[in-house]
Amino acid sequence: MTFEEFVAERLDGLLRYATVLTNDPHLAQDVVQDVLLRAQLRWDGIAAPSTYVRRMITNEYLSWRRRAVRRMVASSHDVLDALGPPEPDPSAAYDERDAMLGLLATLPRKQRAAVVLRYYENYTDTEIAAVLRCGASTVRSQISRALATLREAGLNHTAVTTGAPE
C-alpha cells in the first residue's frame with residue numbers, strides 16, 4: 001500500500017482517534033499532520049503501517065501531555081462528526097457520550113490511551129501493548145484502573161463496554 005493510499009483510506013479514523021485522545025480537534029489535526037509527515041519520510045521501511053502510525057500518534061500525544069498542561073474542552077458530536085463519518089458506537093444509544101469524553105480527559109495519559117485503544121479502536125491487549133510498548137498484563141492493569149476511576153465518577157460500565165476482543 002502506498003503512503004497516499006494509506007492516508008486516503010485511514011485519515012478519518014486517525015483524526016477521530018487523535019481527537020478522542022487529545023480532546024481537542026485542532027490539536028488532533030496538528031498531531032496527525034506531524035505524524036504523517038514523519039511517517040512519509042520512512043514509509044518504505046514501515047512493515048505494519050496502521051499499528052506504526054497509531055503508535056506514533058499515541059507517542060506524540062503522550063509527549064505533548066508531558067510538555068504542556070492545557071485546559072481540556074469537551075468535544076461535541078458535531079466536531080467529531082465533521083472530522084469523518086462516525087464509526088459504530090454502541091454507547092451512542094445512551095446520552096452519555098459527551099460525559100464519557102469529559103471523563104476520559106480526566107484519566108492519566110497511559111490509562112486514557114489504553115482505554116481509547118480498547119474501546120474506541122477495538123484493539124486487543126496484545127495490540128495495545130505493542131502500541132504502548134508495555135506488557136499485556138500492564139495493559140489490563142491500566143484499563144482496570146481506568147474503568148474503576150470512571151465507575152467512581154458515576155459512569156455506568158455498560159456505556160463503556162463495546163465487546164472488544166480480548
Side-chain angles (χ1 to χ4, degrees), residues 1-92 97-134 138-139 142-143 146 150 160 162 164-165:
M1 174 181 290
T2 67
F3 176 76
E4 290 77 15
E5 291 170 339
F6 176 83
V7 171
E9 183 179 312
R10 307 277 171 99
L11 182 60
D12 288 343
L14 295 173
L15 284 170
R16 289 181 67 77
Y17 171 64
T19 299
V20 172
L21 274 181
T22 64
N23 206 26
D24 179 343
H26 303 291
L27 178 61
Q29 290 173 346
D30 291 343
V31 167
V32 170
Q33 180 179 354
D34 290 347
V35 163
L36 289 176
L37 286 172
R38 288 196 322 265
Q40 184 179 24
L41 296 175
R42 54 181 89 110
W43 190 254
D44 293 334
I46 299 175
S50 183
T51 301
Y52 188 82
V53 170
R54 285 200 194 278
R55 180 184 300 159
M56 289 178 73
I57 289 171
T58 303
N59 288 343
E60 184 67 21
Y61 160 72
L62 294 174
S63 294
W64 168 80
R65 294 286 295 162
R66 284 189 286 263
R67 285 191 307 262
V69 175
R70 292 181 130 189
R71 187 173 85 76
M72 294 296 194
V73 179
S75 299
S76 69
H77 293 287
D78 295 336
V79 172
L80 290 174
D81 291 343
L83 294 173
E87 296 179 12
D89 186 0
S91 68
R97 183 174 177 190
D98 289 333
M100 169 61 85
L101 292 173
L103 289 171
L104 284 173
T106 66
L107 293 174
R109 65 187 197 284
K110 286 201 176 186
Q111 288 180 17
R112 183 176 183 181
V115 167
V116 168
L117 286 167
R118 165 63 56 76
Y119 296 107
Y120 282 82
E121 298 297 324
N122 290 328
Y123 275 34
T124 64
D125 290 344
T126 305
E127 291 168 329
I128 296 168
V131 171
L132 296 180
R133 293 185 181 177
C134 63
T138 301
V139 168
Q142 292 290 339
I143 291 172
L150 293 173
V160 194
T162 63

Hits for side-chain hydrogen bond (donor to acceptor under 3.5 Å, both in side chains) against Thr138, two or more places apart or cross-chain, chain-then-number order -> none

Residues passing the side-chain hydrogen bond (donor to acceptor under 3.5 Å, both in side chains) test with Gln111, sequence neighbours excluded, are none

Between Ala28 and Ala18 the two heavy atoms that sit nearest each other are CB-C, 3.5 Å

Min side-chain heavy-atom separation Arg10-Glu5 under 4.5 Å: no

CG of Leu62 to CD1 of Ile57, rounded to nearest 0.5 Å, is 12.0 Å

Practice prompt. Check whether any side-chain heavy atom of Tyr61 lies under 4.5 Å from a side-chain heavy atom of Leu27, and answer yes or no.
Written response: no

Across all chains, not counting sequence neighbours, the salt bridge (Lys or Arg N to Asp or Glu O under 4.0 Å) partners of Arg55 are none

Closest heavy-atom pair, Val139 versus Cys134, reported as atoms and distance to 0.1 Å, is CG2-SG, 3.7 Å

Sequence neighbours excluded, the answer for side-chain contact (heavy atoms from CB on, under 4.5 Å) partners of Pro49 is Phe6, Trp43, Ile46

To the nearest 0.5 Å, atom OG1 of Thr106 lies from atom CG of Leu101 at 11.5 Å

Please walk me through it: do Glu121 and Glu127 pass side chain to side chain contact (heavy atoms under 4.5 Å, CB included)? CA-CA 10 Å; Glu121 298 297 324; Glu127 291 168 329; over 6 Å; no

CD1 of Ile143 to CG of Leu150, rounded to nearest 0.5 Å, is 11.5 Å

- request: May I ask you to test the Arg112-Asn23 pair for a side-chain heavy-atom distance under 4.5 Å?
  value: yes

Contacts table for residues 30-38: side-chain donor-acceptor under 3.5 angstrom, sequence neighbours left out:
none

Between the CG atom in Leu21 and the CD atom in Glu60, the distance rounded to the nearest 0.5 Å is 11.5 Å

Tyr52 meets the ring-ring contact (aromatic ring centres under 6.0 Å, His included) criterion, sequence neighbours left out, with none

The reported gap from CD in Glu9 to OG1 in Thr2 (rounded to nearest 0.5 angstrom) is 10.0 Å

Note: Ala114 and Ile128 closest approach over all heavy atoms is O-CD1, 3.8 Å

Side-chain heavy-atom pair Leu104, Tyr120 within 4.5 angstrom cut-off: yes

CE of Met56 to OG1 of Thr51, rounded to nearest 0.5 Å, is 13.0 Å

